[in-house]
2 protein chains.
Amino acid sequence: MQPTEAVDKLVTWLARRGLKVTRQRRLITEVFFDQIHRETHPTVEDLYLRVREQDPGVGHATVYRTLRLLVESGLASPSRLGDDQVRYEPEIPGSHHDHLVCAECGAILEFEDDRIEELQEAAARRLGFKLVDHRMVLYGQPEQCPPDLCRRGQG
Amino acid sequence: MQPTEAVDKLVTWLARRGLKVTRQRRLITEVFFDQIHRETHPTVEDLYLRVREQDPGVGHATVYRTLRLLVESGLASPSRLGDDQVRYEPEIPGSHHDHLVCAECGAILEFEDDRIEELQEAAARRLGFKLVDHRMVLYGQPEQCPPDLCRRGQG
DNA sequence: CTATATGCAAAACGTTTGCATCCCT
DNA sequence: AGGGATGCAAACGTTTTGCATATAG
C-alpha cells in the first residue's frame with residue numbers, strides 16, 4: 001500500500017470516531033508505509049528514528065500511541081519474530097502470510113502456503129477448536145544469504 | 001518427566017561444568033517439573049510464586065538465573081505464546097510440538113503434526129533455506145471450552 | 001471554543017547486574 | 001578454604017501514564 005493511500009484510510013478511520021488528524025499522525029503513517037528504506041518490519045525505535053529525521057520534535061509517546069491506532073484501524077500488525085523486540089508490519093488486508101527469518105543475518109522473508117493453512121485448520125478442528133488466527137515463524141540457514149537482504153537484524 | 005529425574009539430569013549437567021547443586025536450584029527444578037499444578041507453561045512470576053510457597057526466601061534473580069540454566073541444559077525452553085510474557089515449558093527431548101491457545105480462556109494445548117513440519121521444510125527450501133527451527137501457535141475458538149483446562153490465562 | 005493530541009518526564013514493568021554475604025564442594 | 005551462588009537493591013530497556021500546553025475540528 002502506498003503511503004498516501006494508508007494516510008487516507010487512517011484519516012477516514014479517525015474521522016469516524018471523532019479523532020483528530022495531526023501532522024504527527026500523518027508523518028508517522030507515511031514513514032511507516034514508505035517502503036524505500038525496505039525496513040518492512042521496523043521496531044518502534046526504528047520507526048521513531050526515521051520519523052525524527054523528518055521532524056525532530058516528535059516524541060516516543062506519540063509514536064507508540066500512533067502505532068496503536070494503526071493496529072486498531074487494521075493498517076498495521078505487531079509481529080514477534082525473534083525473541084527480542086516487537087516489530088510492526090504494514091497490514092495487507094485479507095492476506096495471511098508467514099515469516100522466515102534468516103538464521104545468518106536476521107533478514108525477514110514473507111511467504112504464503114495454503115496447504116499449511118489447511119492443515120492448521122484441520123489440526124485445530126481435531127482439538128475441538130475453530131481456527132481464528134495463527135502465528136508461524138520459520139528459522140532457516142541460507143544456502144546463500146541474499147546480499148541485498150543481509151543487513152543483520154534489519155527487517 | 002518426573003521432578004526427581006529432572007533434578008538428576010540437572011545435577012549431572014551442573015557437575016560436568018563445576019557448577020554447584022544448591023537447595024534453591026533443586027527446589028526450582030522440582031517445582032517446575034511438578035505437574036500437579038498443571039501450569040505446564042508458567043511465566044517466571046508463576047514459578048517464582050510457587051517456589052516461594054515452599055521457600056519464601058528465594059529471590060526473583062535466582063529463579064531467573066536457574067531458569068536460564070534449565071534452558072541451557074536442555075531441560076526447559078521458552079515459548080512465546082501470547083504477545084505478553086515469556087512462558088517456559090519442560091522440554092521433551094527430540095519431540096517437536098506446537099501450541100494451540102484457547103481464545104476463550106487462554107488454555108494451552110499441545111499437538112504434533114508431521115505433515116505440517118514437512119510442508120514447513122518444503123517452504124523453507126523453496127526460499128533457499130534449510131529449516132533449523134520453527135515456531136507455530138494457533139489461536140482457536142472452542143466448540144466447547146474444556147472445563148478442566150479453563151483457567152483464564154493459566155497455561 | 002472545546003476536546004483531543006502532544007511532548008516531556010516520571011512511573012511502571014519485566015529482566016539483568018553489582019555486590020556483600022553465604023554455602024557447596 | 002575458595003569459588004561459585006544467593007538475595008537484595010539498583011540499573012536497565014521498553015512501554016505506559018500524568019499533566020501542562022498546543023492544536024484540530
Side-chain angles (χ1 to χ4, degrees), chain A residues 7-8 10-31 41-49 51-52 54-73 76-88 153 155, chain B residues 7-8 10-31 41-52 54-73 76 78-88 153 155:
Chain A
V7 172
D8 287 348
L10 181 65
V11 168
T12 307
W13 188 87
L14 290 172
R16 192 170 306 164
R17 22 196 99 197
L19 302 178
K20 292 176 179 175
V21 181
T22 62
R23 178 171 46 83
Q24 291 90 331
R25 288 180 177 173
R26 281 181 187 282
L27 176 59
I28 292 167
T29 306
E30 277 165 17
V31 170
H41 299 72
T43 62
V44 178
E45 190 63 16
D46 291 336
L47 186 56
Y48 169 75
L49 291 174
V51 166
R52 301 269 293 199
Q54 312 281 333
D55 180 347
V58 177
H60 269 110
T62 302
V63 176
Y64 277 99
R65 292 190 272 230
T66 301
L67 225 20
R68 192 188 302 163
L69 292 179
L70 289 174
V71 170
E72 284 172 19
S73 66
S77 56
S79 61
R80 291 193 172 272
L81 293 169
D83 284 328
D84 42 353
Q85 292 147 284
V86 181
R87 290 175 178 276
Y88 288 85
Chain B
V7 172
D8 287 348
L10 181 64
V11 168
T12 307
W13 188 87
L14 290 172
R16 191 170 306 166
R17 22 197 100 197
L19 302 179
K20 292 176 177 173
V21 182
T22 62
R23 178 171 45 83
Q24 293 90 331
R25 288 179 178 173
R26 282 183 188 282
L27 176 59
I28 292 166
T29 306
E30 277 166 17
V31 170
H41 299 71
T43 62
V44 177
E45 191 64 16
D46 291 337
L47 187 55
Y48 169 75
L49 290 174
R50 280 210 265 142
V51 165
R52 300 269 295 200
Q54 312 281 333
D55 179 348
V58 178
H60 270 110
T62 302
V63 177
Y64 278 99
R65 290 189 273 230
T66 302
L67 225 21
R68 193 188 302 163
L69 292 178
L70 289 173
V71 170
E72 283 173 19
S73 66
S79 61
R80 292 191 170 273
L81 292 170
D83 285 328
D84 44 350
Q85 292 145 285
V86 180
R87 292 174 176 276
Y88 289 85

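Note that this is a predicted model, so its numbers are computed, not measured. Letters go in sequence order (proteins before strands), and every chain restarts at 1.
- Partner of A/Asp55 under the salt bridge (Lys or Arg N to Asp or Glu O under 4.0 Å) criterion, out of A/Arg25, A/Arg23, A/Arg26: A/Arg23 alone.
- Atom OH in A/Tyr48 sits roughly 13 Å away from atom P in D/dT14 (whole-Å rounding).
- At a threshold of 4.0 angstrom between heavy atoms, the contacts of A/Arg23 with the nucleic acid are absent.
- Of the residues in residues 13-20 of chain B, those with a non-hydrogen atom less than 4.0 angstrom from any atom of DNA chain C are B/Lys20.
- Atom pair A/Glu45:CD and D/dT16:C1' shows a separation of 15 Å (rounding to whole Å applied).
- In this entry the distance linking CZ of B/Arg26 with C1' of D/dA5 reads 15 Å, nearest Å.
- Distances shorter than 4.0 Å separate none of the side-chain N or O atoms of A/Thr22 from OP1 or OP2 on D/dT23.
- Between D/dT16 and A/Tyr64, no contact under 4.0 Å exists linking OP1 or OP2 to a side-chain N or O.
- Straight-line distance from the CG atom of B/Leu67 to the P atom of D/dT6: 13 Å, rounded to whole Å.
- Summarising the geometry, the separation between CD on A/Gln24 and C1' on D/dA24 is reported as 11 Å, rounded to the nearest angstrom.
- No side-chain donor from either of A/Arg68 and A/Tyr64 sits under 3.5 Å from a side-chain acceptor of the other.
- In this structure, B/Arg52 and B/Arg25 both approach DNA chain D, and ranking their closest nucleotides by distance from the 5' end singles out B/Arg25.
- Counting all heavy atoms, side chain and backbone alike, A/Tyr48 lies closest to A/Gly59 at CE1-C, 3.7 Å.
- Comparing B/Arg65 and A/Asp55 against DNA chain C, the residue whose closest nucleotide sits nearer the 5' end is A/Asp55.
- Counting heavy atoms from C-beta on, the side chains of A/Thr43 and A/Asp46 come closer than 4.5 Å.
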Practice task
List the steps, then state whether side-chain contact (heavy atoms from CB on, under 4.5 Å) holds for B/Val31 with B/Leu47.
Solution key: CA-CA 7 Å; B/Val31 170; B/Leu47 187 55; 3.7 Å; yes

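- A distance-only check finds no donor-acceptor pair linking the side chain of A/Thr66 to the backbone of A/Val63 [under 3.5 Å].
- The distance between atom CG of A/Leu69 and atom C1' of D/dT16, rounded to the nearest whole Å, is 14 Å.
- When all heavy atoms of A/His41 and A/Ser79 are compared, the closest pair comes out as CD2-OG, 4.1 Å.
- Distance A/Leu10 CG to D/dA24 P: 15 Å, rounded to the nearest Å.
- One interatomic measurement links the two molecules: NE2 of B/His60 to P of D/dA10, which rounds to 16 Å at whole-angstrom precision.
- Across all non-hydrogen atoms, the minimal contact from A/His60 to A/Glu45 is NE2-OE1, 2.9 Å.
- In this structure, A/Thr62 OG1 and A/Leu69 CG are separated by 10.5 Å, a value rounded to the nearest 0.5 Å.
- In 5' to 3' order, the nucleotides of DNA chain C bounding all contacts with chain B (an atom under 4.0 Å from a heavy atom) are C/dG14 to C/dT25.
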